[in-house]
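Working notes, beginning with the structure itself.
Residue numbering restarts at 1 for every chain, and letters A, B, ... go by the order of the sequence lines. Quick note: numbers below take in every heavy atom, side chains included, and nothing from hydrogens, waters or symmetry partners.
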Protein chains: 2
Amino acid sequence: MRKKVTLKQIAKELDVSISTVSKSLKDSHEISEDTRQKVQAFAKLYNYKPNNIALSLKNKKTKTIGIIIPEIVHHFFATVISGIEQVANENGYNVIVCLSDESFDKEVINMELLANGSTDGFILSLSKETQQKKDFHHIQEIISQGMPVVMFDRVTNDVFCDKVIIDDQQAAYDAIQFFISRGFKKIALLTTVDYVSVGKLRTDGYLKALRENGIEINEDLIVKIEDIDNCSNKIESLIKNQEFDALFAVNELFAVTAIKLANKQDKKVPDDFSVIGFTDGIISQFSTPSISTVSQNGIKMGRKAAKMLIDRLEKDEEDELYTTEIIETELVLRESTTT
Amino acid sequence: MRKKVTLKQIAKELDVSISTVSKSLKDSHEISEDTRQKVQAFAKLYNYKPNNIALSLKNKKTKTIGIIIPEIVHHFFATVISGIEQVANENGYNVIVCLSDESFDKEVINMELLANGSTDGFILSLSKETQQKKDFHHIQEIISQGMPVVMFDRVTNDVFCDKVIIDDQQAAYDAIQFFISRGFKKIALLTTVDYVSVGKLRTDGYLKALRENGIEINEDLIVKIEDIDNCSNKIESLIKNQEFDALFAVNELFAVTAIKLANKQDKKVPDDFSVIGFTDGIISQFSTPSISTVSQNGIKMGRKAAKMLIDRLEKDEEDELYTTEIIETELVLRESTTT
DNA sequence: TTTCAACACTACAACGTTTTCGCTACAGTG
DNA sequence: CACTGTAGCGAAAACGTTGTAGTGTTGAAA
C-alpha cells in the first residue's frame, strides 16, 4: 500500500525544507530552476496532491456547499441537486447532501453538524415539520455566524436570506385561467394541508383565479390531503360524488392518482375531465395519458441557488441585501387536457 | 455577527490554557470541579462546537463518505443514495455526492479530488464511459492508497473491492421463465449496448432462459439501444414488423416507451403483448397500465453498501478479503402482464 | 575594502484540536 | 526534615499547508 505523500516526506527525501517544496510546486521565483525541477519531478512521481483538509483549515474555506432537503427520492429535489452540482462543479465546489426526512430534528442536527467547519454555506428547502413548527432558530443562528444560506422552493418569510422560488400562486392562477379560457367552470382542486407553504400558495392562486372570474367557490371541490399514502378515499369520493369538468392538482402524484382512480370508476381523462398537475416530473411525462403540468424547472432552480450562494461566498464584502429570485414556470400541455 | 468561538478564545477569556479548556469540556478528572463548571458554562453560553475540519486533520478521519454516481435524476440512484444516507447518518457519517454524468473524465477528477483528504472511503457506480474504456486505474490507485471502495450495481471484475449487486442474469432469467410459464414463446428484448455491464448480464439471462427451454433465439426480436432519447424508431419498427407475445425491457424507461409506442399503433398492453421491465421505479408504479417489473431494491442496496464501507472503515486490521453481496430481486406483477 | 543587492533557501507562525508529558504546590508519611 | 504522591494546570507537538520574515552566501559597485 502506497499511502499519500506529504510535503514533509518529500522535503525529507530530497533534503530540503518544507517551504522549498511548497514553493517549488507553486513555481515560485524564489527557488532555483534546478531545485524546482527536482521537486516537481519527485512530486509527480509520487503523485503528490495537496491535502484538502489541511487547506480548508488554513484557508478557512472548504469549497463545499451543504444541501439540506426533505428527501432525495423525489424527482424535483433530484433535479435541483443536479442543477446545484453542475454550478458547484464548474466553480470547484463540492456538495454534501443531508436529508431531513421531513423531520425538524434531523434538519437541525444536520445543519449544526455541517456548520462546524464542514461547509462554506447552505442551500436548503424546509422540512414539513419545520414549516409546521415555524421554528427557524437553527437557520437564523447559522446566518448570524456569517455563513450564507440560500433557501429554495419551501421557504419562509421569517428568515432573511437569499431565496429561489417559483411564483406558486401565479403559476396556479395561470393554470386555472387556462381551464376557464377553455370554458371550464367547475374546477376541482387537490391540494395539501395549509402549512406546506407551496401548497398554500397554489391554493391561493386557484381561489384568486376563480374569484376574478366570478366563479363561486365550491368547498366540496377542494380536497386537502395530509398523507399521500392515504388519500385514495378522499379522492375517490370526490370523483364519485362531485361533478366537475377540470381538476388541478398541486403535485404530480396527486394528479396521477386521481387519473388512476378515475379510470377505476370508468371515467376517462381528458374526456370526462381535464387534469393539470404541478411539477413536471417523470410521472407526468410517462403516464398514460401523459399529464399537462405547470413545469417547475428544478435544474434551473438549483443552478440559480448555487450561483447565488457562490457569488456571496466569493465576494468579500458582506452584503446585507438579500434577493429573492423567481424562476419562471411554464404550462406544458399534454394528453390530460382537451385542446 | 457572532462568529464561531474557538478553544483559544475561551481560554483567553477565562484566563486559562487551551488544554484546560479542552479537558474541561471532555470532563477530564485532571481538572477541578470548579474550573470545569466555569468552562462548560462559558462554552454553552457561546455555543461552542468543535471544528470538524481541525478534528479531521488531527484524527485523519473525516467521517465522510464519497458517493460517485453517473446521475442523480434517476430514481434508482436516488433510492441508493437514500439508503446510503440512512446508514451513514446512523453511524455519524456524512455523504458527499459527485456526479460523473456518465463521463470517464468527470469520474476521475471527482474521485481524485475527494481522495485528497475529503472522504474516508467511496461508494460508486461506474459511468458508461468508464465501462466502455475499461480503464479503472483511478479506482485501483485509490484502493492502493488504503482507501476502501465499495462498488454497486455497475461494477467490474477488474477491480478487487467490496461490491453490492443484484444477480442481474438470474433476475432476467426469472422474468423470462415467468413468461414461458404463461405459455409465451415469442419474447422480445429491449436492451442496452453490451458494454453496459448490467444490460449485458440481463441479456445473458434472457438468452439462457430461452436456450434452456429450447426456444430458438430470434435476433429480430432483440433490440439494442444506445441512446434513450433516440430510440423510438427502433422500437416502433419492432412493434410494427415483428410478432411477439411478450416483451422484456432491461429498464423501466424502455418498458414505458414501448407501451406508449404500442398504443400509438393501436396495440394494447397486455392484450396484444405482456411487458416486464427492470428497476421498480415511479414510472412502473404510476404508468397506465402499471408495469410489472423486476424490482431492484435501491434502498437496501445503498444500506448494504454503506454498511460494508463503514464496517471496513471502523475495523482497524486491513482485511484483504473482499466480498460481493447479492441483493435479492423480486418480480412485482402489475397490469402490464396477463395473469 | 566596505556595502549592498540579489539569490536561494529555511524557520516559523497560523489554522483548531487533542493528548502526552511536565511542572508546581501542597498534603501526607516516616 | 526529607521524601513521595497527587491535584490541577500548562506547554508543546502533531495533523498538512502556505506565506512572511528572516538567513547566509555571492558578486558587483563605490
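Residues satisfying the side-chain hydrogen bond (donor to acceptor under 3.5 Å, both in side chains) criterion with B/Thr20, sequence neighbours excluded, are B/Ser17. Residues that satisfy the side-chain hydrogen bond (donor to acceptor under 3.5 Å, both in side chains) test with A/Lys300, not counting sequence neighbours, are A/Glu328. Every residue meeting the side chain to side chain contact (heavy atoms under 4.5 Å, CB included) condition with B/Thr324, not counting sequence neighbours, appears here in chain and number order: B/Lys163, B/Ile165. Applying the side-chain hydrogen bond (donor to acceptor under 3.5 Å, both in side chains) test to A/Asn94 and every residue at least two apart in sequence or in another chain returns nothing.
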For this session: Decide side chain to side chain contact (heavy atoms under 4.5 Å, CB included) for A/Lys304 and A/Glu325; before the verdict, give the C-alpha distance in whole Å, the side-chain angles of both, and the deciding distance to 0.1 Å.
Result: CA-CA 8 Å; A/Lys304 191 76 207 177; A/Glu325 289 274 348; 3.3 Å; yes
Exercise. Given the rule in the salt bridge (charged side-chain N to carboxylate O under 4.0 Å, His left out) test, do B/Lys63 and B/Glu314 qualify, once you have shown the distances and angles that lead to the verdict?
Worked result: CA-CA 10 Å; B/Lys63 285 285 201 168; B/Glu314 315 229 309; 3.7 Å; yes
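For A/Lys128 and A/Glu107, the salt-bridge test fails: no basic side-chain N is under 4.0 Å from an acidic carboxylate O.
Side-chain contact, B/Asp158 with B/Gln140: no donor N or O sits under 3.5 Å from an acceptor N or O. Inspection of the A/Glu13 and A/Gln9 side chains reveals no N or O donor paired with an N or O acceptor under 3.5 Å. At a cut-off of 3.5 Å, with distance as the only test, no side-chain donor of A/Gln86 or A/Glu90 sits close to an acceptor on the other residue.
Separating the CG atom of A/Leu7 from the P atom of C/dA11 is a distance of 15 Å, rounded to the nearest angstrom. For B/Lys12 and D/dG10, the NZ to P distance is 16 Å, given to the nearest whole Å. Distance, A/Asn116 CG to C/dC15 C1': 16 Å, rounded to whole Å. For the pair A/Lys3 NZ and D/dG16 P, the computed distance is 11 Å after rounding to whole Å. Rounded to a whole Å, the NZ atom of A/Lys8 is 13 Å from the P atom of C/dA11. In this structure, CD1 of A/Ile18 is placed 15 Å from P of D/dG19, rounded to the nearest angstrom. Whole-Å rounding puts the A/Asp15 CG to C/dA8 C1' distance at 15 Å. Atom CD1 of B/Ile31 and atom C1' of C/dT19 are 12 Å apart (whole Å).
At D/dT18, one or more side-chain N or O atoms of A/Lys26 fall inside 4.0 Å of OP1 or OP2 (strictly under the cut-off). Regarding contacts with the backbone of D/dG16, a side-chain N or O of B/Lys60 is found under 4.0 angstrom from either OP1 or OP2.
Checking B/Thr20 against A/Gln9, the closest nucleotide of DNA chain D that is more toward the 5' end is the one next to B/Thr20. Comparing B/Ser22 and A/Ser17 by the nucleotide of DNA chain C whose heavy atom lies nearest to each, the residue mapping closer to the 5' end is A/Ser17.
For residues 22-57 of chain B, every residue pair satisfying the ring pair (Phe, Tyr, Trp, His ring centres under 6.0 Å) rule, not counting sequence neighbours, is listed here: B/Phe42-B/Tyr46. Counting only residues at least two apart or in different chains, salt bridge (Lys or Arg N to Asp or Glu O under 4.0 Å) contacts with residues 40-51 of chain A comprise A/Lys49-B/Glu112.
Residues from residues 52-59 of chain B lying near DNA chain D, meaning a heavy-atom separation below 4.0 Å, are B/Leu57, B/Lys58 in numerical order. Annotation: proximity of residues 32-50 of chain B to DNA chain D (heavy atom, distance under 4.0 Å) is found for B/Ser32, B/Thr35, numbered in ascending order.
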For this session: Heavy atoms under 4.0 Å is the rule here; annotate nucleotides 23-28 of chain D 5' to 3' with B where the base is hit, S where only the sugar-phosphate is, and - elsewhere.
Result: ------
Exercise. Which nucleotides of nucleotides 20-26 of chain C have their base under 4.0 Å from a protein heavy atom (B), which only their sugar-phosphate (S), and which neither (-), written as one string 5' to 3'?
Worked result: BB-----
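Side chain of B/Asp101 to main chain of B/Ser103: no donor-acceptor pair is present (N/O by atom type, distance under 3.5 Å, no hydrogens or angles). Under the 3.5 Å distance criterion, the side-chain polar atoms of B/Ser144 are left unmatched by any main-chain donor or acceptor of B/Ile142. Listed for the B/Ser56 side chain is a donor-acceptor partner under 3.5 Å among the backbone atoms of B/Asn52.
Comparing the start and finish of the helix from C/dT1-D/dA30 to C/dG30-D/dC1, five pairs each, the helix axis swings through 90°, to the nearest 10 degrees.
What you find for B/Asp162 and B/Thr323 is that their closest heavy atoms are OD1-N, 2.9 Å.
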Quiz: residues 69-83 of chain A side-chain donor-acceptor pairs under 3.5 angstrom, not counting sequence neighbours:
residue	atom	partner	partner atom	Å
A/Thr79	OG1	A/His75	O	3.4
A/Thr79	OG1	A/Phe76	O	2.5

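Counting non-hydrogen atoms under 4.0 angstrom, B/Thr6 reaches the backbone sugars and phosphates but no base.
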